[in-house]
Amino acid sequence: MPELPEVETVRRSLLSLVRGKRIMRVELTEPRIIRHCDPARIRTGVTGRLILGIDRRGKFLLFQLTGELTLVVHLGMSGKLYYLAAEPTAGFPKHTHAIFELDDGGLLVYQDPRQFGRICLTESPETAVAALRSMGPEPLDRQFSVSWLTAALARRSAKLKTVMLDQKIFAGIGNIYADEALFRARLHPERAAASLAPEEVKRLHRAVRAVLRRAIANRGTSISDYVDGHGVPGDFQAQLQVYGRRGEACRRCGNPVQWVRLAGRSSFYCGCCQQEENKR
DNA sequence: AAAACCGCCTGTCGGC
DNA sequence: TGCCGACAGGCGGTTT
C-alpha cells in the first residue's frame with residue numbers, strides 16, 4: 001500500500017523519465033478512477049501539455065503541467081504508476097485504467113486492481129481535493145515541529161494508532177509506517193493521544209521522521225503491489241520491525257509480536273517494548 | 001470538531 | 001476441487 005515513502009519513490013523515479021515531455025494522447029478505460037473532476041476534462045485538458053515537474057503532498061502526486069494545470073494522482077491501496085518505453089507486446093496488464101502517451105513514444109501507465117486510487121485535473125488542487133486543503137504539514141519539513149505536534153495531539157482523545165492515520169496530523173502516514181513509528185517510539189498503539197508526556201511526543205516525532213527517511217532511502221516497502229516508476233519493487237519490507245509479523249519474535253526483545261484491530265485496521269506491536277504504563 | 005462506522009473494490013488464502 | 005468468508009485498507013461520506 002503506497003504511503004509517503006512509496007509515493008516519494010515513485011515521484012523521484014518518474015521525474016527524469018517524464019519531465020519536459022509532452023502528453024500527446026490519453027486513454028481512459030475506467031472512468032471510476034477520475035474523481036473530483038469531469039473525466040472529459042482530462043481527455044481534452046491534458047493533451048498537448050508539457051510535464052514541468054512532479055511534486056508530492058502526503059500520499060498525493062502532483063504533476064505540474066503547462067497552462068497552470070495540475071494532474072493530481074492518488075495511488076489508493078493498489079495503484080501503480082510507471083513508465084514504459086513502448087507498448088508491451090503482450091498488451092497492457094489487467095486493470096490498466098489510464099495511459100498517457102508522451103512525445104518520446106513512452107507511456108505513463110496507471111494500473112489499479114482495487115480502484116481505490118483517483119486522478120483529477122485541476123487549476124487548484126487545494127480547491128478540488130478537500131484532503132489536500134486540510135492536510136497537516138509534511139512530516140519531513142520544519143513545520144512538523146515538536147511543538148506543533150504537541151498541540152495537535154493534545155486536542156485528540158482517540159487512541160494513538162487511530163490518530164496516526166489522520167492525514168491532518170500525520171500527512172502521508174499509513175498503516176505500515178504508523179505501526180513502525182510507534183514501535184520505534186516504544187509507544188503502545190492504544191494510548192490516548194492526548195496522554196503523551198512531552199518526552200513521549202518528542203520520541204514519536206523523532207521516530208516518525210526516522211522511519212520515513214529510512215524507508216525512502218530503501219525505496220519503499222513492497223509487500224504485494226507496490227513498484228516505483230521503473231516497475232522496480234522497494235527494499236524496506238526486510239527491515240519492518242512489527243508490521244505483518246503477528247506471532248513472530250520481536251527483533252528487539254524476542255517476545256511474540258501482538259496484534260489488535262483498531263479503527264478497523266490491523267495493528268502490530270510488541271507488548272513488551274511498547275507498554276501502556278502511562279495510559280491515563 | 002471529533003469519533004465511529006460503512007461502502008467502495010479485487011486478489012489471495014484458509015477452512016470445510 | 002470448489003465454494004465461501006475473511007482479510008487487505010485509504011478515503012469520502014454519514015451519523016452521532
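Residue numbers begin at 1 in each chain, while the letters A, B, ... track the order of the sequences.
Within the 4.5 Å cutoff, the side chain of A/Glu6 has no heavy atoms near those of the A/Phe236 side chain. Side-chain contact between A/Thr29 and A/Thr96 is absent, with no heavy atoms from C-beta onward closer than 4.5 Å. With contacts defined as side-chain heavy-atom distances shorter than 4.5 Å, the pair A/Val260/A/Lys161 does not qualify.
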Every protein N/O lying under 3.5 Å from an N/O of nucleotides 2-4 of chain B:
| residue | atom | partner | partner atom | Å |
| --- | --- | --- | --- | --- |
| B/dA3 | OP1 | A/Ser157 | N | 2.7 |
| B/dA3 | OP1 | A/Ser157 | OG | 3.1 |
| B/dA3 | OP1 | A/Ala158 | N | 3.0 |
| B/dA3 | OP2 | A/Arg156 | NE | 2.4 |
| B/dA3 | OP2 | A/Arg156 | NH2 | 2.7 |

Between protein and nucleic acid, restricted to nucleotides 3-6 of chain C and to nitrogen or oxygen atoms under 3.5 Å apart, what atom pairs and distances do you find?
none

Provide a list of protein-nucleic acid N or O atom pairs under 3.5 angstrom, restricted to nucleotides 6-9 of chain B.
| residue | atom | partner | partner atom | Å |
| --- | --- | --- | --- | --- |
| B/dC9 | OP1 | A/Arg32 | NE | 3.2 |
| B/dC9 | OP1 | A/Arg32 | NH1 | 2.2 |

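For A/Val46, the side-chain contact (heavy atoms from CB on, under 4.5 Å) test picks out A/Ile23, A/Val26, A/Ile42, A/Leu65, A/Leu71, A/Phe100, A/Leu121, with sequence neighbours left out.
A donor-acceptor distance shorter than 3.5 angstrom exists from the side chain of A/Gln111 to the backbone of A/Lys94, with no hydrogens or angles considered. Judged by distance alone, with hydrogens and angles left aside, the side-chain atoms of A/Asp228 form no donor-acceptor pair with the main-chain N or O of A/Ser13 at under 3.5 Å.
Within the 4.0 angstrom heavy-atom criterion, no nucleotide atom of any strand lies near A/Ser78. Among the heavy atoms of the strands lying under 4.0 Å from A/Ala131 are primed sugar atoms or P, OP1, OP2 only; no base atom is included. Counting non-hydrogen atoms under 4.0 angstrom, A/Met1 reaches the backbone sugars and phosphates but no base.
A rotation axis mapping the C1' atoms of four pairs onto the next four is fitted at both ends of the helix from B/dA2-C/dT16 to B/dC16-C/dG2 over five pairs, and the angle between these axes is 50° to 10 degrees.
Sorted by first and then second residue, the pairs that involve residues 49-63 of chain A and meet salt bridge (Lys or Arg N to Asp or Glu O under 4.0 Å), not counting sequence neighbours, are A/Glu8-A/Arg56, A/Arg56-A/Glu138, A/Arg57-A/Glu138.
Just one residue in the list A/Val242, A/Thr162, A/Leu262, A/Asp179 forms a side-chain contact (heavy atoms from CB on, under 4.5 Å) with A/Pro189, and that residue is A/Leu262.
Nearest-nucleotide positions on DNA chain C for A/Val129 and A/Phe268 put A/Phe268 closer to the 5' end.
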(message) Please evaluate residues A/Thr70 and A/Gln64 with respect to the criterion side chain to side chain donor-acceptor pair (under 3.5 Å), reporting the C-alpha separation (whole Å), side-chain torsions for both, the decisive distance (0.1 Å), and the verdict.
(response) CA-CA 5 Å; A/Thr70 304; A/Gln64 309 300 347; 3.1 Å; yes

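Between A/Arg186 and A/Glu199 there is no salt bridge, since none of the side-chain N atoms of the basic residue sits less than 4.0 Å from a carboxylate O of the acidic one.
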